[in-house]
Amino acid sequence: MIDTHAHLYDKAFDDDRDEMLRRALDNGIDRIVVPPTDSESYARALNLCAKRPDMCFLAAGLHPTSVKENHEEELSFVEQQLSERKHIAVGETGIDCYWSLEYLDRQRDAFAKQLKLAERHSLPVIIHSRNAFSEIFPILDRLHNPKIKGVFHAFSGSRQDYFRIKGYETFKIGVGGPVTFKNSTLPEVLKEVPVADMLTETDAPYLTPHPFRGKRNESCRIPLIVEKIAEIKQLSFQSVAETTAETARNLFGI
Ligand code: NI
């Protein structure tokens, strides 16, 4: 299985990072996509991925909640890294209208520029969309072409949102802890989504699945997500594990 989204450079893992990776492996998760959020977390992500190239795969990007006055400088940094070494994706990028609207114009600009960067480097893009489909879709409508591909990470949209995403034909959706929450409407939506369009992810250390909600999340919890998808789609655990891993390998080239 593959964890397609985990912030394993986070200080929440400083005391037991090696053990945490060991636990992931013991639970059948052998590849993890690590998306930084800015230049500062990039350095830590790079350090981890350089140490564990067997398991941890590096992306480069500027997260929407990290977009501030210096966003152009941060984007130059991302561009520089992409030209200097191998990455498996651009991200995490996107738009967040939940935390703050203060830099919304800059968020739009940063998202559009990162889509173009991803296209130029033939990389998939990892999209964070929080209360922001009405911002994301118009930008994608303007810039999308068959070479722009990627994932809507931690997808939490409606049936309509999913079909809009499906319309681009080059995007998958990331399914994580929230699908296991008791009040989640996601299982209903996922009934309409082919498993081949889903990626499994944790967003560790955040979005911990039931019954560990409230605790630190980590990559070894991916089987809880696979199990939930299998229940929703009435398929075997094994078949969901295989299909989602194959989709991840194809999208990220890992
Ligand atoms: Ni994230």
Side-chain angles (χ1 to χ4, degrees), residues 2-14 17 20-21 24 29 31-49 55-68 71 74 78 81 87-100 103 107 110-111 114-115 118 123-133 135-136 150-157 165 171-181 186 198-209 212-222 224-225 244 248 251-252 254:
I2 302 183
D3 184 352
T4 61
H5 197 111
H7 302 278
L8 301 187
Y9 50 79
D10 193 281
K11 61 181 181 313
F13 301 110
D14 280 355
R17 195 165 279 107
M20 179 265 299
L21 289 173
I29 295 87
R31 284 168 208 165
I32 303 170
V33 173
V34 180
T37 57
D38 59 13
S39 55
E40 189 267 329
S41 61
Y42 180 87
R44 287 182 284 135
L46 171 61
N47 186 33
L48 168 65
C49 294
M55 233 180 137
C56 298
F57 296 86
L58 182 67
L62 177 62
H63 191 287
T65 63
S66 299
V67 168
K68 307 270 149 68
H71 89 285
E74 283 282 325
V78 170
Q81 306 315 310
H87 295 80
I88 50 102
V90 170
E92 141 169 30
T93 178
I95 295 186
D96 190 303
C97 296
Y98 177 80
W99 288 107
S100 166
Y103 297 108
Q107 285 195 45
F111 177 50
Q114 287 177 90
L115 285 177
L123 290 172
V125 64
I126 299 168
I127 299 177
H128 166 113
S129 172
R130 188 144 188 214
N131 290 6
F133 283 123
E135 292 289 340
I136 299 257
V151 55
F152 278 77
H153 125 77
F155 176 77
S156 61
I165 290 167
F171 282 94
K172 309 295 177 191
I173 64 167
V175 182
V179 76
T180 67
F181 297 171
L186 212 45
M198 300 180 197
L199 298 176
T200 52
E201 62 168 57
T202 57
D203 205 16
Y206 314 108
L207 301 183
T208 312
F212 301 104
R213 211 174 163 180
K215 299 211 173 90
R216 182 188 75 174
N217 200 7
E218 50 175 272
S219 295
C220 72
R221 305 238 159 91
I222 284 289
L224 292 170
I225 310 303
T244 53
L251 182 64
F252 295 110
I254 57 178

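Order of listing sets the numbers, starting from 1, for every ligand and every atom in it. Here, residue 1 is the first one in the sequence, and each next residue gets the next number.
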request  = Locate the shortest heavy-atom distance separating Asp10 from Arg17; write the atom from each residue and the value.
outcome  =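 Between these two residues, the closest heavy atoms are O-NH2, 2.8 Å.
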task = Could you confirm whether His5 has any N/O/S atom lying under 2.8 Å from the Ni ion (ligand 1)?
result =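 Checking the Ni ion (ligand 1) against His5, an N, O or S atom does fall under 2.8 Å.
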N, O or S from His153 under 2.8 Å to the Ni ion (ligand 1) =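 It does not: His153 brings no N, O or S atom closer than 2.8 Å to the Ni ion (ligand 1).
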task = Can you measure from CD1 (Ile2) to CE (Met55) and round to the nearest 0.5 angstrom?
result =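 Nearest 0.5 Å value for the CD1-CE distance: 11.0 Å.
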key: Atom nearest to the Ni ion (ligand 1) - Glu92, N, O or S atoms considered   = OE1
note = Here the N/O/S atom of Asp203 closest to the Ni ion (ligand 1) would be OD1
request  = Fit a plane to each ring of His153 and His5, take the angle between them on a 0 to 90° scale, and name the class: parallel (under 30°), tilted (30 to 60°) or perpendicular (over 60°).
outcome  = parallel
remark   = Exactly one candidate in Asp3, Thr208, Asn217 meets side-chain hydrogen bond (donor to acceptor under 3.5 Å, both in side chains) with Thr202; the answer is Asp3
